[in-house]
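Below you'll find the structure, written out as C-alpha coordinates, and then a few comments.
This chain uses plain numbering: 1 for the first residue, then up along the sequence. From a predicted model like this one, the values you see are computed outputs, not experimental measurements. Order of appearance sets the numbers: ligands from 1, and atoms from 1 within every ligand.
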Amino acid sequence: MSETRAPDHSAAIAIGVDIGATAIKAALVGLRGDLLASFREDSPRTTSSLRDFVRSVRKHATVPLLGIGIGCKGVIDAATTRVNRLPGDLHFLEGCMLRELAGEDGLPVYADNDARTALVGEVLWGAARGRRNVLLLTLGTGVGGAALVDGVILRGASGAACHLGHVTLDIRGGLCICGNYGCLETCFSSRAIESDYFAHIHRASETLLSLDDAGRAPTTEAIFQAAAEGDPSARRVLDLAFESLTAALVSFVNVFDPELIILGGNIAAAGAQLLAPLQEKVARRTSVLLDRKVPIVLQNNVGHGGVAGAAGLVFLQHRLLTI
Ligand SMILES: [Zn+2]
(Lines give C-alpha, C1' and ligand atoms only; values in the text may rest on other atoms or scores of the structure.)
Protein backbone atom coordinates (compact mmCIF):
# COMPACT_ATOMS: atom_id res chain seq x y z
CA MET A 1 0.00 0.00 0.00
CA SER A 2 1.40 3.34 -0.99
CA GLU A 3 1.33 6.25 1.37
CA THR A 4 0.49 9.73 0.08
CA ARG A 5 2.16 12.58 1.88
CA ALA A 6 1.70 16.28 1.44
CA PRO A 7 4.83 17.73 -0.11
CA ASP A 8 7.25 19.17 2.41
CA HIS A 9 7.74 22.85 1.60
CA SER A 10 9.56 23.76 4.80
CA ALA A 11 12.82 24.12 2.86
CA ALA A 12 11.18 26.04 0.01
CA ILE A 13 13.14 29.01 -1.16
CA ALA A 14 12.56 31.76 -3.67
CA ILE A 15 14.64 34.63 -4.96
CA GLY A 16 13.49 38.11 -4.06
CA VAL A 17 14.76 41.04 -6.12
CA ASP A 18 14.27 44.70 -5.27
CA ILE A 19 15.08 47.11 -8.12
CA GLY A 20 15.61 50.57 -6.68
CA ALA A 21 16.83 53.87 -8.08
CA THR A 22 20.28 53.61 -6.49
CA ALA A 23 20.76 49.89 -5.77
CA ILE A 24 19.45 46.53 -6.84
CA LYS A 25 19.20 44.01 -4.02
CA ALA A 26 18.38 40.34 -4.01
CA ALA A 27 18.25 37.45 -1.58
CA LEU A 28 17.56 33.76 -1.38
CA VAL A 29 14.54 33.76 0.92
CA GLY A 30 13.01 30.95 2.99
CA LEU A 31 9.35 30.39 3.78
CA ARG A 32 9.69 32.20 7.11
CA GLY A 33 11.01 35.32 5.40
CA ASP A 34 14.57 34.47 6.39
CA LEU A 35 17.30 35.75 4.09
CA LEU A 36 19.66 32.86 3.38
CA ALA A 37 22.05 34.92 1.28
CA SER A 38 21.91 38.58 0.27
CA PHE A 39 23.30 40.42 -2.74
CA ARG A 40 23.54 44.07 -3.70
CA GLU A 41 24.88 46.12 -6.60
CA ASP A 42 24.44 49.61 -7.97
CA SER A 43 21.21 49.88 -9.94
CA PRO A 44 21.43 48.44 -13.44
CA ARG A 45 21.47 50.86 -16.34
CA THR A 46 20.82 48.27 -19.06
CA THR A 47 18.58 45.23 -19.39
CA SER A 48 21.61 42.98 -19.85
CA SER A 49 23.16 44.08 -16.54
CA LEU A 50 19.85 43.28 -14.80
CA ARG A 51 19.81 39.85 -16.45
CA ASP A 52 23.43 39.21 -15.44
CA PHE A 53 22.73 40.18 -11.82
CA VAL A 54 19.78 37.77 -11.51
CA ARG A 55 21.81 35.00 -13.17
CA SER A 56 24.64 35.49 -10.69
CA VAL A 57 22.20 35.29 -7.76
CA ARG A 58 20.63 32.07 -9.11
CA LYS A 59 24.03 30.39 -9.08
CA HIS A 60 24.06 30.60 -5.27
CA ALA A 61 20.90 28.50 -4.85
CA THR A 62 21.80 25.02 -3.61
CA VAL A 63 18.23 23.68 -3.65
CA PRO A 64 15.55 23.94 -6.37
CA LEU A 65 13.92 27.37 -6.50
CA LEU A 66 10.15 27.94 -6.49
CA GLY A 67 10.48 31.13 -8.50
CA ILE A 68 11.64 34.71 -8.60
CA GLY A 69 9.71 37.65 -7.18
CA ILE A 70 10.59 41.19 -8.22
CA GLY A 71 9.70 44.50 -6.66
CA CYS A 72 10.30 47.39 -9.03
CA LYS A 73 9.60 51.10 -8.96
CA GLY A 74 6.86 52.44 -11.22
CA VAL A 75 3.60 51.00 -12.43
CA ILE A 76 4.00 47.26 -12.84
CA ASP A 77 1.36 45.01 -14.38
CA ALA A 78 1.39 42.17 -11.87
CA ALA A 79 -0.45 39.83 -14.26
CA THR A 80 2.19 40.05 -17.02
CA THR A 81 5.23 41.54 -15.14
CA ARG A 82 5.29 44.35 -17.74
CA VAL A 83 6.79 47.64 -16.56
CA ASN A 84 4.06 49.99 -17.75
CA ARG A 85 5.36 53.34 -16.44
CA LEU A 86 8.74 54.10 -14.96
CA PRO A 87 10.06 57.67 -15.13
CA GLY A 88 13.55 58.52 -13.87
CA ASP A 89 16.84 56.63 -13.87
CA LEU A 90 15.22 53.24 -14.49
CA HIS A 91 13.24 54.47 -17.50
CA PHE A 92 15.05 51.97 -19.74
CA LEU A 93 12.91 49.25 -18.14
CA GLU A 94 9.66 50.84 -19.31
CA GLY A 95 7.88 48.47 -21.67
CA CYS A 96 9.98 45.46 -20.58
CA MET A 97 8.55 42.16 -19.38
CA LEU A 98 10.48 41.43 -16.20
CA ARG A 99 9.76 37.71 -16.52
CA GLU A 100 11.64 37.72 -19.83
CA LEU A 101 14.60 39.55 -18.30
CA ALA A 102 14.82 37.49 -15.12
CA GLY A 103 13.33 34.11 -15.97
CA GLU A 104 15.23 31.28 -17.58
CA ASP A 105 14.69 27.52 -17.75
CA GLY A 106 10.96 27.98 -17.15
CA LEU A 107 11.42 29.34 -13.64
CA PRO A 108 8.31 31.42 -12.86
CA VAL A 109 8.75 35.15 -12.28
CA TYR A 110 6.26 37.41 -10.50
CA ALA A 111 6.53 41.17 -10.13
CA ASP A 112 4.82 44.15 -8.55
CA ASN A 113 5.53 47.72 -7.50
CA ASP A 114 8.31 47.80 -4.90
CA ALA A 115 6.25 49.47 -2.19
CA ARG A 116 3.62 46.74 -2.57
CA THR A 117 6.22 44.00 -2.26
CA ALA A 118 7.61 45.72 0.85
CA LEU A 119 4.07 45.72 2.26
CA VAL A 120 3.67 42.02 1.37
CA GLY A 121 6.83 41.34 3.40
CA GLU A 122 5.48 43.24 6.41
CA VAL A 123 2.08 41.52 6.23
CA LEU A 124 3.58 38.04 5.90
CA TRP A 125 6.41 38.32 8.42
CA GLY A 126 6.81 41.80 9.83
CA ALA A 127 5.09 44.64 11.66
CA ALA A 128 1.74 44.13 9.88
CA ARG A 129 1.18 40.43 10.64
CA GLY A 130 -2.49 39.79 11.28
CA ARG A 131 -3.50 43.34 10.32
CA ARG A 132 -6.10 44.13 7.64
CA ASN A 133 -5.66 47.89 7.17
CA VAL A 134 -2.09 49.08 6.80
CA LEU A 135 -0.25 51.84 4.93
CA LEU A 136 3.40 51.62 3.96
CA LEU A 137 5.54 54.47 2.66
CA THR A 138 9.04 54.03 1.30
CA LEU A 139 11.06 57.18 1.96
CA GLY A 140 14.16 57.28 -0.20
CA THR A 141 15.24 58.94 -3.43
CA GLY A 142 11.51 59.22 -4.06
CA VAL A 143 8.44 58.31 -2.03
CA GLY A 144 6.52 55.11 -2.73
CA GLY A 145 3.34 53.86 -1.15
CA ALA A 146 1.13 50.83 -0.74
CA ALA A 147 -2.08 50.13 1.13
CA LEU A 148 -3.74 47.03 2.53
CA VAL A 149 -7.45 47.89 2.78
CA ASP A 150 -9.81 45.44 4.45
CA GLY A 151 -7.27 42.67 3.83
CA VAL A 152 -6.69 43.42 0.14
CA ILE A 153 -3.69 45.18 -1.38
CA LEU A 154 -5.06 48.13 -3.38
CA ARG A 155 -4.13 48.11 -7.07
CA GLY A 156 -6.69 50.33 -8.81
CA ALA A 157 -8.00 50.16 -12.37
CA SER A 158 -4.56 50.17 -14.00
CA GLY A 159 -2.30 49.01 -11.18
CA ALA A 160 -1.25 52.56 -10.33
CA ALA A 161 -3.12 53.01 -7.04
CA CYS A 162 -1.39 54.35 -3.94
CA HIS A 163 1.41 56.42 -5.40
CA LEU A 164 1.29 58.16 -2.05
CA GLY A 165 4.39 60.22 -2.89
CA HIS A 166 2.42 62.03 -5.56
CA VAL A 167 -0.33 63.64 -3.54
CA THR A 168 -0.21 67.41 -4.00
CA LEU A 169 0.99 69.16 -0.85
CA ASP A 170 1.96 72.54 -2.25
CA ILE A 171 -0.04 74.06 -5.09
CA ARG A 172 2.80 76.54 -5.70
CA GLY A 173 5.41 73.79 -5.46
CA GLY A 174 8.11 72.68 -7.89
CA LEU A 175 7.83 70.28 -10.80
CA CYS A 176 7.75 66.63 -9.80
CA ILE A 177 9.12 63.65 -11.71
CA CYS A 178 5.49 62.63 -12.34
CA GLY A 179 4.62 65.84 -14.22
CA ASN A 180 2.55 67.28 -11.35
CA TYR A 181 3.68 70.18 -9.13
CA GLY A 182 4.25 70.25 -5.37
CA CYS A 183 3.93 66.50 -4.71
CA LEU A 184 4.92 65.06 -1.32
CA GLU A 185 8.00 63.70 -3.13
CA THR A 186 9.13 67.26 -3.99
CA CYS A 187 8.90 68.21 -0.28
CA PHE A 188 10.09 65.05 1.47
CA SER A 189 12.58 62.72 -0.23
CA SER A 190 16.34 62.42 -0.48
CA ARG A 191 16.19 64.46 -3.65
CA ALA A 192 14.17 67.23 -1.97
CA ILE A 193 16.26 67.32 1.22
CA GLU A 194 19.58 67.39 -0.66
CA SER A 195 18.32 70.01 -3.11
CA ASP A 196 17.03 72.24 -0.28
CA TYR A 197 20.32 71.94 1.59
CA PHE A 198 22.17 72.75 -1.65
CA ALA A 199 20.13 75.97 -1.84
CA HIS A 200 21.20 76.87 1.72
CA ILE A 201 24.87 76.40 0.79
CA HIS A 202 24.36 78.35 -2.43
CA ARG A 203 22.82 81.26 -0.53
CA ALA A 204 25.70 81.28 1.98
CA SER A 205 23.53 80.27 4.95
CA GLU A 206 25.34 78.94 8.00
CA THR A 207 26.08 75.28 7.22
CA LEU A 208 28.41 72.66 8.67
CA LEU A 209 28.64 70.86 5.32
CA SER A 210 29.80 71.99 1.90
CA LEU A 211 29.66 70.73 -1.68
CA ASP A 212 32.12 68.02 -2.66
CA ASP A 213 34.85 68.54 -5.27
CA ALA A 214 32.40 67.67 -8.03
CA GLY A 215 29.92 70.28 -6.77
CA ARG A 216 27.49 67.73 -5.37
CA ALA A 217 25.32 68.40 -2.32
CA PRO A 218 25.89 66.36 0.87
CA THR A 219 23.88 63.15 1.23
CA THR A 220 20.67 62.95 3.21
CA GLU A 221 22.44 60.83 5.85
CA ALA A 222 25.10 63.53 6.25
CA ILE A 223 22.43 66.22 6.53
CA PHE A 224 20.69 64.26 9.33
CA GLN A 225 24.02 63.95 11.10
CA ALA A 226 24.73 67.68 10.67
CA ALA A 227 21.29 68.51 12.11
CA ALA A 228 22.11 66.38 15.16
CA GLU A 229 25.35 68.37 15.54
CA GLY A 230 23.49 71.69 15.53
CA ASP A 231 23.71 72.76 11.86
CA PRO A 232 20.93 75.41 11.65
CA SER A 233 20.45 74.96 7.89
CA ALA A 234 20.16 71.19 8.20
CA ARG A 235 17.64 71.63 11.02
CA ARG A 236 15.57 74.08 8.98
CA VAL A 237 15.57 71.79 5.92
CA LEU A 238 14.59 68.73 7.94
CA ASP A 239 11.98 70.57 10.02
CA LEU A 240 10.20 71.70 6.85
CA ALA A 241 10.53 68.27 5.24
CA PHE A 242 9.01 66.59 8.31
CA GLU A 243 6.19 69.16 8.41
CA SER A 244 5.35 68.05 4.86
CA LEU A 245 5.47 64.40 5.80
CA THR A 246 3.27 65.07 8.83
CA ALA A 247 0.67 66.86 6.68
CA ALA A 248 0.65 63.97 4.19
CA LEU A 249 0.30 61.32 6.91
CA VAL A 250 -2.61 63.21 8.48
CA SER A 251 -4.36 63.15 5.11
CA PHE A 252 -3.64 59.45 4.61
CA VAL A 253 -5.01 58.62 8.06
CA ASN A 254 -8.20 60.50 7.23
CA VAL A 255 -8.53 58.78 3.85
CA PHE A 256 -7.60 55.20 4.73
CA ASP A 257 -8.33 54.84 8.47
CA PRO A 258 -5.36 52.45 8.90
CA GLU A 259 -4.50 50.36 11.96
CA LEU A 260 -0.83 51.00 11.38
CA ILE A 261 1.55 53.07 9.24
CA ILE A 262 4.93 51.60 8.33
CA LEU A 263 7.80 53.80 7.16
CA GLY A 264 10.61 52.24 5.15
CA GLY A 265 13.49 53.43 3.01
CA ASN A 266 16.82 55.05 3.77
CA ILE A 267 15.37 58.22 5.28
CA ALA A 268 13.27 56.27 7.74
CA ALA A 269 16.44 54.55 8.93
CA ALA A 270 18.37 57.82 9.16
CA GLY A 271 15.57 59.67 10.91
CA ALA A 272 14.40 57.05 13.41
CA GLN A 273 14.79 59.59 16.23
CA LEU A 274 12.14 61.75 14.57
CA LEU A 275 9.50 59.02 14.72
CA ALA A 276 8.19 59.97 18.17
CA PRO A 277 7.53 63.66 17.33
CA LEU A 278 5.97 62.62 14.02
CA GLN A 279 3.71 60.16 15.82
CA GLU A 280 2.67 62.81 18.35
CA LYS A 281 1.83 65.44 15.70
CA VAL A 282 -0.15 63.04 13.50
CA ALA A 283 -2.10 61.76 16.53
CA ARG A 284 -2.96 65.30 17.64
CA ARG A 285 -4.11 66.38 14.20
CA THR A 286 -6.30 63.32 13.59
CA SER A 287 -7.74 62.97 17.08
CA VAL A 288 -11.09 64.69 16.45
CA LEU A 289 -12.15 62.40 13.62
CA LEU A 290 -10.39 59.24 14.68
CA ASP A 291 -10.33 59.15 18.48
CA ARG A 292 -7.43 56.69 18.50
CA LYS A 293 -3.72 56.82 17.86
CA VAL A 294 -2.40 55.17 14.69
CA PRO A 295 1.01 53.66 15.47
CA ILE A 296 3.77 54.77 13.08
CA VAL A 297 6.58 52.22 13.00
CA LEU A 298 9.69 51.50 11.00
CA GLN A 299 9.75 48.74 8.41
CA ASN A 300 11.36 45.55 9.71
CA ASN A 301 14.80 45.09 8.22
CA VAL A 302 14.89 48.44 6.47
CA GLY A 303 16.85 47.87 3.29
CA HIS A 304 16.11 44.15 3.20
CA GLY A 305 12.35 44.04 3.72
CA GLY A 306 11.80 44.69 0.03
CA VAL A 307 13.61 41.56 -1.12
CA ALA A 308 11.79 39.34 1.39
CA GLY A 309 8.46 40.78 0.28
CA ALA A 310 9.35 40.25 -3.38
CA ALA A 311 10.02 36.58 -2.61
CA GLY A 312 6.71 36.62 -0.74
CA LEU A 313 4.99 37.09 -4.12
CA VAL A 314 6.29 33.64 -5.06
CA PHE A 315 5.06 31.98 -1.84
CA LEU A 316 1.64 33.64 -2.26
CA GLN A 317 1.36 32.47 -5.86
CA HIS A 318 2.23 28.92 -4.80
CA ARG A 319 -0.34 29.21 -1.99
CA LEU A 320 2.27 28.28 0.58
CA LEU A 321 1.34 31.49 2.43
CA THR A 322 -1.77 33.68 2.45
CA ILE A 323 -2.55 37.25 3.44
ZN1 LIG B 1 4.68 63.69 -8.32
Between Asp52 and Arg55 (salt bridge meaning N to carboxylate O under 4.0 Å), is one present in this structure?
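Salt bridge between Asp52 and Arg55, a charged N being under 4.0 Å from a carboxylate O: yes.
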Quick one: name the protein N/O/S atoms under 2.8 Å from the Zn ion (ligand 1), chain by chain.
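Those protein N, O or S atoms (cut-off: under 2.8 Å from the Zn ion (ligand 1)) are His166 ND1, Cys176 SG, Cys178 SG, Cys183 SG.
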Would a 4.5 Å heavy-atom cut-off, applied to side chains only, mark Leu107 and Val109 as touching?
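Counting from C-beta outward, Leu107 and Val109 never come under 4.5 Å.
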With the side chain counted from C-beta on, respond yes when Val314 and Leu65 share a heavy-atom pair under 4.5 Å apart, and no when they do not.
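Of all side-chain heavy-atom pairs linking Leu65 with Val314, none is under 4.5 Å.
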Should we say atom OH of Tyr181 is surrounded by more than 12 heavy atoms from elsewhere, each under 6.0 Å from it?
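No - once you tally the heavy atoms of other residues, nucleotides and ligands closer than 6.0 Å, there are 12 at most.
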Check step by step if side-chain hydrogen bond (donor to acceptor under 3.5 Å, both in side chains) holds for Thr168 and Asn180.
CA-CA 8 Å; Thr168 306; Asn180 186 28; 2.9 Å; yes
Under a 3.5 Å distance rule, please check whether Gln279 uses its side chain to pair with a backbone N or O of Ile296 as donor and acceptor.
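Checking the backbone N and O of Ile296 against the side chain of Gln279, a donor-acceptor pair under 3.5 Å is found.
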